[in-house]
Every structure is written in structure tokens, then in C-alpha cells.
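Whatever order the structure lists ligands and atoms in, that order sets their numbers, starting from 1. What you see below is based on every heavy atom in this structure, not just the backbone, and it leaves out hydrogens, waters and symmetry mates.
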Amino acid sequence: MYGLTRSRATIQIERAVLYPLPVPTIHIQEQVPLAPYTTLRIGGPARFFCEVTTEAELVEAVHFAREHTLPLFVLGGGSNLLVSDHGYPGLVIRATIAGNIDIDGYRDKLPQKTCITYRVPAGMDWDAFVHMVAEAGITGIECLAGIPGFVGASPIQNIGAYGQEVATSISVVRALDLESLEFVTLPSEQCGFAYRRSIFNTTHRNRYIITAVTFRLDLHATPTLTYADLQKHFAKQTTAPKPIDIYHAVREIRHGKGMLIVEGEADCRSAGSFFKNPIVAPSLLTEISNTLGTPAEKIPHWPAGEGLIKLPAAWLLERAGFHKGFLIGRAGISSRHTLALINADHATFADIAALRDGIQHEVQTRFGILLEQEPVQLGV
Ligand SMILES: Cc1cc2nc3c(=O)[nH]c(=O)nc-3n(C[C@H](O)[C@H](O)[C@H](O)COP(=O)(O)OP(=O)(O)OC[C@H]3O[C@@H](n4cnc5c(N)ncnc54)[C@H](O)[C@@H]3O)c2cc1C
């Protein structure tokens with residue numbers, strides 16, 4: 001599905017033709033169960049459902065929704081989704097936009113550096129793209145290895161892990177603007193990226209359907225390991241790890257935590273971390289320290305900018321009595337990662353929602369913090 005055009009000379013411009021657009025051929029299906037399209041394996045049917053592989057098909061699908069006055073929802077790999085048992089009453093468009101990866105290069109003047117850019121169609125598997133870049137010896141996204149889902153969803157919540165965030169590598173996002181029905185190119189600065197945020201999941205939620213993302217990476221940068229688990233992994237190595245070494249290390253660490261999708265493993269029937277790490281005023285840290293009788297410096301926290309601090313949601317869950325392997329009925333917490341709520345055994349939306357509500361209530365009662373759900377919720 002994905003052709004690759006690449007120049008062996010470092011910065012020779014080479015453009016791939018993404019399309020001649022074929023005549024659109026969308027196939028609209030009815031009452032399609034959504035559970036198999038999500039990593040939680042939960043969710044009722046979509047009233048209408050289609051997959052689109054080109055921008056022309058996407059436009060046709062949007063027209064179908066408009067003609068029939070249907071709400072529409074864009075689905076990627078379904079790895080950050082909690083879908084209601086009642087399903088979705090509108091059109092679900094699975095954005096498997098395919099095409100070539102377009103590689104280009106240029107010199108930045110300030111600061112002076114030589115960059116390589118990859119323009120990637122939205123439907124490409126994220127991990128496959130990370131592998132391709134890391135194997136080419138280029139650093140910038142290797143710590144984001146093993147995150148499930150499609151490239152097109154990576155800007156939505158500005159995916160991040162092990163010391164990297166995708167925002168720092170995104171140059172532009174191409175999207176269909178549902179207000180004007182035109183394709184637009186949004187430079188990274190206009191995407192409002194922050195921790196697990198962008199305009200796509202806040203101010204402009206549901207306005208844009210992303211069809212391609214362009215990444216810009218410094219060709220001569222060397223990997224930096226900021227995350228303790230990774231530093232430990234390479235502690236005995238005398239030579240600096242290459243991006244591909246880090247790619248494999250991250251996947252190994254993820255697997256140990258059940259944060260890699262492995263078919264058949266109950267621990268990864270999840271939507272990844274279910275709660276965002278809360279960003280709070282330092283005074284709250286003092287309050288928690290007083291409540292627990294634990295010195296503030298012993299409570300894990302990091303600076304989050306603007307005088308605020310970030311607390312690990314997993315730590316709060318554990319202190320509130322929600323440990324790894326916790327089970328309530330058919331839903332539970334992964335036995336390898338406190339932040340991952342799992343579909344332990346044929347759980348429903350209601351099971352996960354009840355567990356979520358219980359955790360939120362307990363953490364709020366004890367620490368005065370309302371944990372924010374990370375996965376996108378479709379329906380109630
Ligand atoms: C085991 C596991 C580990 C995870 N680890 C991490 C992690 O370390 N860091 C992290 O940040 N996330 C993590 N996640 C969450 C998830 O993988 C990411 O958020 C991923 O980017 C979601 O991609 P997706 O294609 O599956 O999107 P989906 O779940 O299908 O959709 C998520 C949201 O993006 C929107 N969307 C999807 N595609 C498009 C598009 N083309 N245009 C417009 N909107 C779109 C959807 O409408 C929805 O609102 C993890 C999930 C799992 C299951």
C-alpha cells in the first residue's frame with residue numbers, strides 16, 4: 001500500500017506523486033460493530049461505516065454524511081477510543097488514507113542544520129513509520145516506537161512517550177477542513193501542541209480530517225536518552241545507541257509493561273494510559289504531602305511550565321488503592337501497568353465506565369484532583 005520514494009543523495013529534492021485520484025469507490029456499510037476496530041474491543045455498531053483510502057473517497061464520504069444529515073466520526077486504528085455499547089448513530093469513516101511517502105531535504109538557516117522531511121499518508125501504521133526512520137539512522141521519533149494507531153492520529157493528542165513528543169518533529173499537517181470543504185496545510189505552530197493536546201482535540205475538535213503529516217528531522221542530530229528506563233537499558237553499553245537500538249529497546253520496555261499490542265494478551269486489551277498525568281499548582285503537592293505525611297521531595301513530580309507541576313497519575317491511583325491487576329467484574333487494571341484500564345473478559349462500555357468513575361471519585365476524594373480521561377469517548 002505504501003510506496004517509498006527516496007533519494008540516496010542526502011538532500012536532493014524528489015517529489016512523489018501521491019495520487020492521480022481514482023474515481024471514488026466508497027462502499028458504505030450499515031450496522032457495523034465497532035469493537036473489532038478498537039484495541040479495547042468494546043463498542044456497539046456504527047449506523048453507517050466506510051473505509052477511505054484516498055482524499056477523493058474521503059470527500060465523497062463527507063458528502064454522503066451531509067446529504068443524509070448524519071454526524072460523522074473519523075476512526076484511525078481505534079487505540080485511543082472508548083466506544084459506547086450503543087454504538088454510533090452516524091457515519092464512521094475509517095481513514096486508511098494510503099499513498100507514497102514523499103521524502104525531501106533542505107538546509108535550515110537558523111539554527112543551521114540539514115533536515116529531512118517525510119510526508120506520510122494518514123493511514124500508515126505509526127510504528128512502521130517509526131521503524132523506517134530509525135532504521136535509516138535518523139533520530140527524533142524512535143522513543144515513540146510501539147505506540148499503536150495510524151500516522152494521521154499522531155498529531156491529535158500529540159503522542160508522547162519515553163521523553164519524546166511527536167509535536168517537535170511535525171512540520172505541517174494536511175487536512176480536509178469540514179467548514180470550508182477545502183484541503184488545508186497547517187504549519188506546526190498553528191496546531192496548538194501541548195501535553196496530550198492540539199487544536200484537533202480542543203479548540204477545533206471535529207473540524208479537520210487529517211490526510212497526511214509531514215515530519216521534519218535533523219539529519220545530523222544524535223539521540224538523547226532522558227527517560228530513566230531507557231538510560232538503565234543502555235547503562236552497560238559503552239557506545240552510544242543508534243536510533244534503531246532505541247526503537248527496539250522501547251518496544252521491549254513497552255512489552256514488559258503490557259503497552260505493546262500483542263494479540264491474545266489481556267493486558268493490552270486497553271486504550272493505553274487511561275488518565276492523563278494531572279498538571280497542578282505546587283500548593284497541591286504540599287497538601288498531598290501533608291495528607292500522606294510524606295515529604296514533598298519523595299512524591300514524584302516534574303516541572304510542567306508556567307510554575308506548574310505534573311504528577312504521575314499512576315502514583316495517585318496506587319495511593320488511592322488501585323493497583324496493578326485490580327479487577328472489578330469484567331474490567332480491570334493491567335497486571336503490568338497501573339494506568340491501563342483493560343477489558344479483562346468481555347467487558348462492556350458500562351464496565352469500563354464504572355471502573356473509571358470509581359477511580360476518579362476515589363482520587364478526587366483523597367487528593368482533590370479530578371483525573372482527566374485520555375481516550376476519546378464515542379457515545380455514552
Ligand atoms: C497499548 C497502547 C499503548 C499506548 N501508548 C501510548 C503512548 O505511549 N503515548 C501516547 O500518546 N498514546 C498512546 N496510546 C494511545 C494511542 O495509541 C494514540 O493516541 C494513537 O495516536 C491513536 O491512534 P489511532 O489511529 O488508533 O486513533 P483512534 O483511536 O482511531 O482515534 C483517536 C482520535 O483521533 C481522531 N482521529 C484519528 N485519525 C484521524 C484523522 N486522520 N483525522 C482526524 N482525526 C483523527 C479520532 O476521531 C479520535 O478522536 C496507546 C494506546 C494503546 C492501546
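- Atom 23 (O) of ligand 1 has Ala153 CB, 3.2 Å as its closest protein atom, hydrogens excluded (heavy atom only).
- A salt bridge links Glu55 and Arg174; the closest N-O separation between the charged side-chain nitrogens and carboxylate oxygens is under 4.0 Å.
- Nearest protein heavy-atom neighbour of atom 46 (C) of ligand 1: Val74 O, 3.1 Å.
- Residues His255 and Glu265 have side chains that bring a donor and an acceptor to within less than 3.5 angstrom of each other.
- A ring-centre distance under 6.0 Å is not found for Trp315 and Phe322.
- With a heavy-atom cut-off of 4.0 Å, Ile156 touches ligand 1 through its side chain alone.
- Protein heavy atom at the shortest distance from atom 19 (O) of ligand 1 is Gln157 NE2, 3.0 Å.
- Those atoms of ligand 1 that come under 4.0 Å of a heavy atom in Val376, given as number and element, are 33 (C), 48 (C), 49 (O).
- In the model, Glu57 has a side-chain atom that pairs as donor or acceptor with a side-chain atom of Thr25 under 3.5 Å.
- Atom 16 (C) of ligand 1 has Ser79 OG, 3.2 Å as its closest protein atom, hydrogens excluded (heavy atom only).
- In summary, the atoms of ligand 1 found under 4.0 Å from a heavy atom of Gly78, numbered by their order in the structure, are 24 (P), 26 (O), 28 (P), 29 (O), 30 (O).
- Looking at Ser335 and Asp267, their side chains do bring a donor and an acceptor atom within 3.5 Å of each other.
- The aromatic rings of Phe326 and His323 sit perpendicular to each other, their planes meeting at more than 60°, with 30° as the lower class boundary.
- Note on Asp177 versus Arg207: salt bridge recorded, some NZ/NE/NH1/NH2 to OD/OE distance being below 4.0 Å.
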Point to revise | Chi angles and distances behind the ring-ring contact (aromatic ring centres under 6.0 Å, His included) call for Tyr195, Trp302 | key: CA-CA 13 Å; Tyr195 167 68; Trp302 309 275; 9.5 Å; no
**Study point:** Verdict with supporting geometry, Phe49 and Tyr88, ring-ring contact (aromatic ring centres under 6.0 Å, His included)
**Key:** CA-CA 10 Å; Phe49 179 95; Tyr88 185 66; over 10 Å; no
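- Listed by number with element, the atoms of ligand 1 under 4.0 Å from a non-hydrogen atom of Tyr208 are 43 (C).
- At a 3.5 angstrom cut-off on N or O pairs, Ala271 does not count as close to ligand 1.
- Closest to atom 41 (N) of ligand 1 among all protein heavy atoms lies Ile210 O, 3.0 Å.
- Close contacts between ligand 1 and Ala161 involve ligand atoms 8 (O) [criterion: under 4.0 Å to a heavy atom].
- Heavy atoms of Arg254 approach ligand 1 to within less than 4.0 angstrom.
- Near Gly160, meaning under 4.0 Å from any of its heavy atoms, are these atoms of ligand 1: 7 (C), 8 (O), 9 (N), 10 (C), 11 (O).
- Among all non-hydrogen protein atoms, the one lying nearest atom 32 (C) of ligand 1 is Asn80 CB, 4.0 Å.
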